[in-house]
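Following: one structure in structure tokens, then a few remarks.
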Amino acid sequence: MTTNRIPPLPDVDMPFIFDLSRPGRIACSLPACDVPELAPEERIPAALLRTEPASLPEVYEVDVVRHYTALSRRNFGVDNGFYPLGSCTMKYNPKLNEDAAKLPGFSGIHPYQQEDTVQGALELLYTLQNDLAAITGMDRISLQPAAGAHGEWTGLMMIRAYHESRGEQRTKVLVPDSSHGTNPASASAAGYTTVTLKSDARGLVDLDALRAAVGPDTAALMLTNPNTLGLFEEHIAEIAAIVHEAGGLLYYDGANANAIMGIARPGDMGFDVVHLNLHKTMSTPHGGGGPGAGPVGVKLLLESFLPAPLISQRADGTYFFDDERPHSIGRVKPFHGNFGILLRAYAYIRSYGPSGLRRVSECAVLNANYMLSRLSAAYDVPYPRICKHEFVLSGTRQKAFGIRTLDIAKRLLDFGFHPPTVYFPLIVEESIMIEPTETESKETLDRFIDVMLRIAWEAEHEPDTVLQAPSRTETARLDETLAARKPVLHCDCG
Ligand SMILES: *Cc1c(COP(=O)(O)O)cnc(C)c1O
């Protein structure tokens, strides 16, 4: 027998998890409770109790797994593809770090445990403090801050405490116009007024502008070196002398130390305080807002102001929380920092060792220069010389055809690449800031470069392709400002 009726076309989209819900379906079964149960009112204040049960989907385990796996595929991470996000050091996160973090001796401990039961964890933190001091050329490190910006604020609070201890009221923090936005923000949060220094024609701190800006009210100069243009401040020794002569201190924004490890140290360049982003340089995961780790390191003159407790070692070799620090600015993070992140960074540093970390930096710089050299065939290069771990292009040539940097970034999505940083640093028109990191193969770099060259060709010959991008992604072009300001985080599922 044949049927004449055409069967309905099944929906190709995955069913929505709430549509799969049927009363009584479950994904797991919990054993019966074997401790006396309290009535809900005895556990939670009556005012906070629900009056009716939450409306959650009742589904099978496999449906839950498919739901979350499908959602995770709509996200982009360094395990999905190349992520050349300048100033962010989106390097691969080695799985070895995760194995170390999973060891039961680490994953099973509690921050309230007695010191003598967590000597191994304290030894790890103590060794990490010393390793980071050796990498940065600083005398002492605090692992507490949870992010780069948090490290900046911690550093500035120590600078404030230092000046106050000498009876000086200094009110101004100097930052170059190429600085990361967190620098002026942290300075404001620490109660300072920021003074912006303009860069010279080569993209470096303008020494005359610096000389004109420093004075008895200068608390500090914040600098990242190499700066956000990927350029090394060649006059760093002179810059340090100018600031120190005026009685100010030097703050090193070491969020991206990926160009200097094992080669140059902020401590040797004249900096008094630094922060590092372990979630950038030291390969611990980031994105989505954390957790991160932004340890701060200081020279001896600031040591007594470090957040307490530090991890110290007694003469008998045991480790302890060093709380007796009367001049400390206090605790900046509950417990002992983001221990799981510190542990991953430790695993990274130890698996490379000193010569391996140097090699990391050398390869990061080599990769960046390789890309810069090939891409300069089609894109303007505002500061055309050897770069460090990252470099900045300008989309001005493409702008002449009506294609903006934003359009180029959107078109990259069609080829499975995360776009580079765009429109930062602010001093470059239509800026495109690329940081390949050391962890990418030449094949990946070449594919990205080929796509970028192709987009430059499209901009000239078929601009609509670029203007309408992305066309191969889950959703078409979004209004990212609206998406960030007014995110729709729930579904109207009835
Ligand atoms: C990422 C970054 C920061 C801020 O670090 P967060 O951990 O995001 O707070 C500061 N400075 C520079 C140069 C950076 O790249």
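No salt bridge links Asp407 with Lys410; every basic N to acidic carboxylate O contact stays at or beyond 4.0 Å. Ion pair Asp414/Arg411 flagged as a salt bridge, since at least one NZ, NE, NH1 or NH2 atom sits closer than 4.0 Å to an Asp/Glu carboxylate oxygen. For Asp272 and Lys299, the salt-bridge test fails: no basic side-chain N is under 4.0 Å from an acidic carboxylate O. Comment: Arg358 engages Glu362 in a salt bridge, judged by a side-chain N to carboxylate O separation of less than 4.0 angstrom. A salt bridge links Asp208 to Arg211: at least one charged side-chain nitrogen sits closer than 4.0 Å to a carboxylate oxygen. Ionic pairing of Asp177 and Lys198 is not present here: no N-O contact between side-chain nitrogen and carboxylate oxygen is shorter than 4.0 angstrom. Of the charged side-chain nitrogens involved, at least one lies within less than 4.0 Å of a carboxylate oxygen, so that Lys399 and Glu429 count as a salt-bridged pair.
In this structure, Arg397 places its CZ atom where more than 12 heavy-atom neighbours from other residues, nucleotides or ligands lie under 6.0 Å away. Surrounding OH of Tyr68 are at most 12 heavy atoms belonging to other residues, nucleotides or ligands under 6.0 Å away. When the shell of 6.0 Å around CZ of Arg359 is examined, it contains 12 or fewer heavy atoms from other residues, nucleotides or ligands. Counting heavy atoms of neighbouring residues, nucleotides and ligands inside a 6.0 Å radius, atom CG of Leu103 exceeds 12 of them. Counting heavy-atom neighbours within 6.0 Å of Arg485 CZ, excluding the residue itself, gives a total of 12 or less.
Taking the ring centroids of Phe18 and Phe16, they lie under the 6.0 Å cut-off. Side-chain rings of Phe424 and His180 approach one another, their centers coming within less than 6.0 Å. Annotation: Tyr352 is in aromatic contact with Tyr348 [ring centroid separation under 6.0 Å].
In summary, the side chains of Asp131 and Tyr126 do not present any donor paired with an acceptor at a separation below 3.5 Å, with no hydrogens or angles considered. At a cut-off of 3.5 Å, with distance as the only test, no side-chain donor of Tyr92 or Glu440 sits close to an acceptor on the other residue. Asn256 and Asn277 share no side-chain donor-acceptor pair at under 3.5 Å. Glu435 and Thr89 form a side-chain donor-acceptor contact under 3.5 Å, judged by distance and modelled atom types alone. Side chain to side chain, Ser72 and Thr69 fail the donor-acceptor criterion of an N or O pair below 3.5 Å. In this model, no donor atom of one side chain and acceptor atom of the other lie less than 3.5 Å apart for Tyr252 and His275.
Between the side chain of Thr228 and the backbone N or O of Ser178 there is at least one donor-acceptor pair closer than 3.5 Å. Side-chain atoms of Glu390 come within 3.5 Å of backbone N or O of Ser87 as a donor-acceptor pair. Between the Arg477 side chain and the Ala469 main chain, a donor and an acceptor come within less than 3.5 Å of each other. With hydrogens and angles ignored, the 3.5 Å screen pairs a side-chain donor or acceptor of Ser351 with a backbone N or O of Ala347. In this structure, Glu152 contributes its side chain and Asp253 its backbone to no donor-acceptor pair below 3.5 Å. Between the side chain of Glu233 and the backbone N or O of Val205, at least one donor-acceptor pair lies under 3.5 Å. No donor-acceptor distance shorter than 3.5 angstrom exists from the side chain of Thr218 to the backbone of Ala220, with no hydrogens or angles considered. Remark: side-chain polar atoms of His150 are paired, donor with acceptor, to backbone N or O of Ala146 under 3.5 angstrom. In terms of modelled atom types and a separation under 3.5 Å, the side chain of Thr421 and the main chain of Gly86 share a donor-acceptor contact. Remark: the backbone N or O of Leu278 is not paired with any side-chain donor or acceptor of Thr281 at under 3.5 angstrom.
Atoms OG1 and CD1, on Thr196 and Ile427 in that order, are 11.5 Å from each other to the nearest 0.5 Å. For the atom pair OH (Tyr379) and OG1 (Thr396), the distance works out to 11.5 Å, reported to the nearest 0.5 Å. For the atom pair CD1 (Ile263) and CZ (Phe232), the distance works out to 10.0 Å, reported to the nearest 0.5 Å. To the nearest 0.5 angstrom, Ile311 atom CD1 is 10.5 Å from Leu128 atom CG. Annotation: the span from Asn369 atom CG to Phe391 atom CZ amounts to 8.5 Å, rounded to 0.5 Å. Note that CG of Leu393 and OG1 of Thr405 are 9.0 Å apart. Values are rounded to the nearest 0.5 Å.
Judged by a 6.0 Å distance limit and a 45° cone about the ring axis, Arg202 is not positioned over the six-membered ring of Tyr383. With a 6.0 Å cutoff to the six-membered ring centre and a 45° limit on the axis angle, Arg265 does not count as a cation-pi contact of Phe271.
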| query | Can you list the steps and then say if Arg454 with Glu458 is a salt bridge (charged side-chain N to carboxylate O under 4.0 Å, His left out)? | reply | CA-CA 6 Å; Arg454 161 89 200 183; Glu458 287 175 350; 3.0 Å; yes

| message | Under the criterion side chain to side chain donor-acceptor pair (under 3.5 Å), I'd like the reasoning laid out for Glu438 against Asn258: C-alpha separation, chi angles, the key distance, then a yes or no. | response | CA-CA 9 Å; Glu438 75 287 0; Asn258 221 34; 3.0 Å; yes

| query | Can Lys442 and Asp446 be said to form a salt bridge (charged side-chain N to carboxylate O under 4.0 Å, His left out), step by step? | reply | CA-CA 6 Å; Lys442 179 165 180 295; Asp446 279 331; 2.9 Å; yes

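Aromatic ring orientation, His418 versus Tyr83: parallel (interplanar angle below 30°, classes split at 30° and 60°).
Scanning all heavy atoms of the two residues, the minimum distance from His389 to Pro436 falls at O-CD, 3.8 Å.
Contacts classified as side-chain hydrogen bond (donor to acceptor under 3.5 Å, both in side chains) and involving residues 333-347 (residues at least two apart or in different chains) are given here: Glu98-Arg344.
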